[in-house]
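So the structure is just underneath, and the comments pick up after that.
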Amino acid sequence: MPIPFILLLLLVSLFVWRRRAMAKYLVASAFLLLLFLSSQLSVSTLVQPLESSYPINSTPISGQCFVMVLGSSHSDIQAATAVQSLSAVALARLSEGIRQLALGQDCILIVSGWGGELTQISHAEMMAKAAVELGVDKSKVIQFPLARDTVEEAQYLKWELGESSFRLVTSASHMPRAMAIFTGKGLAASAAPTDFRARDDFWWRLTADNLVSSQRAIHEYIGRLWLWIKQE
């Protein structure tokens, strides 16, 4: 997470302030890191290579139709609908999942995600409720409420579908790692990316959105590195 890391660099610089050369190096590093990660250069360097790995998928689905939407997060907001309770990422993924349903006949929507410690119901249940609110038949929704991460989502789907083909919906930056995990388990996944973060902008503009996009990209690169280490 960039902001805690940058703050850590600044905190350490205070402890070594008497060693002026090291302190100056730490402060300069924190400044340059914040400058880079909040700039358009970071989006072009870190985010776009991930999001350009798979194109938008609008190909009609023939035969059996399964659409798997990977989980994200939601909040327990009093008196809110399920759609309103979803995070922006979750809503973007669900919206694309519902669009994918329209590309096939008699499709099944699969949603996943556990509840964690901050919510009363599982993310899968909240996604299912939101899908019904958006017009999906309740009987056409399968939930994986115990899946805690992408690896477990792939395992649950393997038990459910076996070798059947399906559309995999997740954020574009997450798609390369997700596809590596799902295909690594022998699943016949077809990528349907959404929630694109990379946008053309002026090179000199520094924004919090760029910082969030950079954070996501760093998370994915570290995740891919960890996946490679575990496979070795």
Side-chain angles (χ1 to χ4, degrees), residues 1-53 70-77 85-93 112-120 122-123 147-153 170-181 193-232:
M1 300 181 69
I3 291 180
F5 183 70
I6 290 169
L7 291 176
L8 179 62
L9 290 178
L10 295 175
L11 181 63
V12 173
S13 71
L14 293 177
F15 283 103
V16 299
W17 192 251
R18 291 185 178 181
R19 302 175 63 178
R20 293 301 177 90
M22 180 179 292
K24 289 180 180 179
Y25 173 77
L26 291 172
V27 171
S29 297
F31 172 77
L32 292 175
L33 188 60
L34 179 61
L35 183 67
F36 171 69
L37 293 178
S38 60
S39 70
Q40 183 65 21
L41 178 60
S42 174
V43 174
S44 300
T45 304
L46 300 177
V47 183
Q48 285 183 345
L50 291 173
E51 295 193 340
S52 61
S53 298
L70 299 190
S72 179
S73 63
H74 70 274
S75 300
D76 292 329
I77 304 174
S85 299
L86 295 180
S87 68
V89 174
L91 185 57
R93 293 179 182 183
S112 65
W114 72 312
E117 299 176 355
L118 300 177
T119 55
Q120 296 180 355
S122 71
H123 185 61
R148 295 173 295 180
D149 55 27
T150 308
V151 174
E152 292 190 2
E153 288 173 322
T170 189
S171 300
S173 60
H174 179 51
M175 186 60 79
R177 183 159 62 98
M179 285 293 289
I181 292 171
T194 187
D195 184 34
F196 292 86
R197 297 286 306 184
R199 298 287 188 272
D200 293 331
D201 200 353
F202 297 108
W203 66 267
W204 45 264
R205 183 171 292 170
L206 308 178
T207 69
D209 281 343
N210 289 341
L211 197 59
V212 172
S213 298
S214 299
Q215 176 177 313
R216 283 201 201 176
I218 292 170
H219 176 85
E220 289 304 318
Y221 287 119
I222 293 175
R224 292 172 72 180
L225 175 61
W226 178 242
L227 182 64
W228 177 79
I229 292 173
K230 290 198 299 182
Q231 291 175 344
E232 287 298 309

Using a 4.5 Å cut-off on heavy atoms from C-beta on, say whether the side chain of [Y] contacts that of [X].
| X | Y | answer |
| --- | --- | --- |
| V89 | R197 | no |
| E51 | P193 | no |
| H174 | L50 | no |
| P176 | S53 | yes |
| Y221 | L46 | yes |
| F36 | L41 | yes |

Side chains of [X] and [Y] only: does a donor on one sit below 3.5 Å from an acceptor on the other?
| X | Y | result |
| --- | --- | --- |
| T207 | N210 | yes |
| S173 | E220 | no |
| R93 | S171 | yes |

Nearest heavy atoms of [X] and [Y], plus distance in Å:
| X | Y | value |
| --- | --- | --- |
| G71 | H123 | CA-CD2, 3.5 Å |
| M175 | T170 | CE-CG2, 3.6 Å |
| E153 | A147 | CG-CB, 3.6 Å |
| S73 | A90 | O-CB, 3.5 Å |
| P49 | S52 | O-OG, 3.3 Å |

- request: Would you sort out whether R205 and Q40 count as a side chain to side chain contact (heavy atoms under 4.5 Å, CB included), showing the intermediate values?
  value: CA-CA 7 Å; R205 183 171 292 170; Q40 183 65 21; over 6 Å; no
Got a second to check how far [X]'s [atom1] is from [Y]'s [atom2], nearest 0.5 Å?
| X | Y | atom1 | atom2 | result |
| --- | --- | --- | --- | --- |
| S72 | D195 | OG | CG | 8.0 Å |
| R177 | L227 | CZ | CG | 7.5 Å |
| Q48 | R199 | CD | CZ | 10.5 Å |

message: Would V212 and Q215 count as a side chain to side chain contact (heavy atoms under 4.5 Å, CB included) here? Give the steps.
response: CA-CA 5 Å; V212 172; Q215 176 177 313; 5.5 Å; no
Name each donor-acceptor pair under 3.5 Å that joins a side chain in residues 2-25 to protein atoms two or more places apart or in another chain, with its distance.
residue: S13; atom: OG; partner: L10; partner atom: O; Å: 2.5
residue: R20; atom: NE; partner: W17; partner atom: O; Å: 3.1

- prompt: I218 and L37: side chain to side chain contact (heavy atoms under 4.5 Å, CB included), yes or no, with the steps?
  reply: CA-CA 10 Å; I218 292 170; L37 293 178; 4.0 Å; yes
field: Chi angles and distances behind the side chain to side chain contact (heavy atoms under 4.5 Å, CB included) call for S42, S214
entry: CA-CA 6 Å; S42 174; S214 299; 2.5 Å; yes
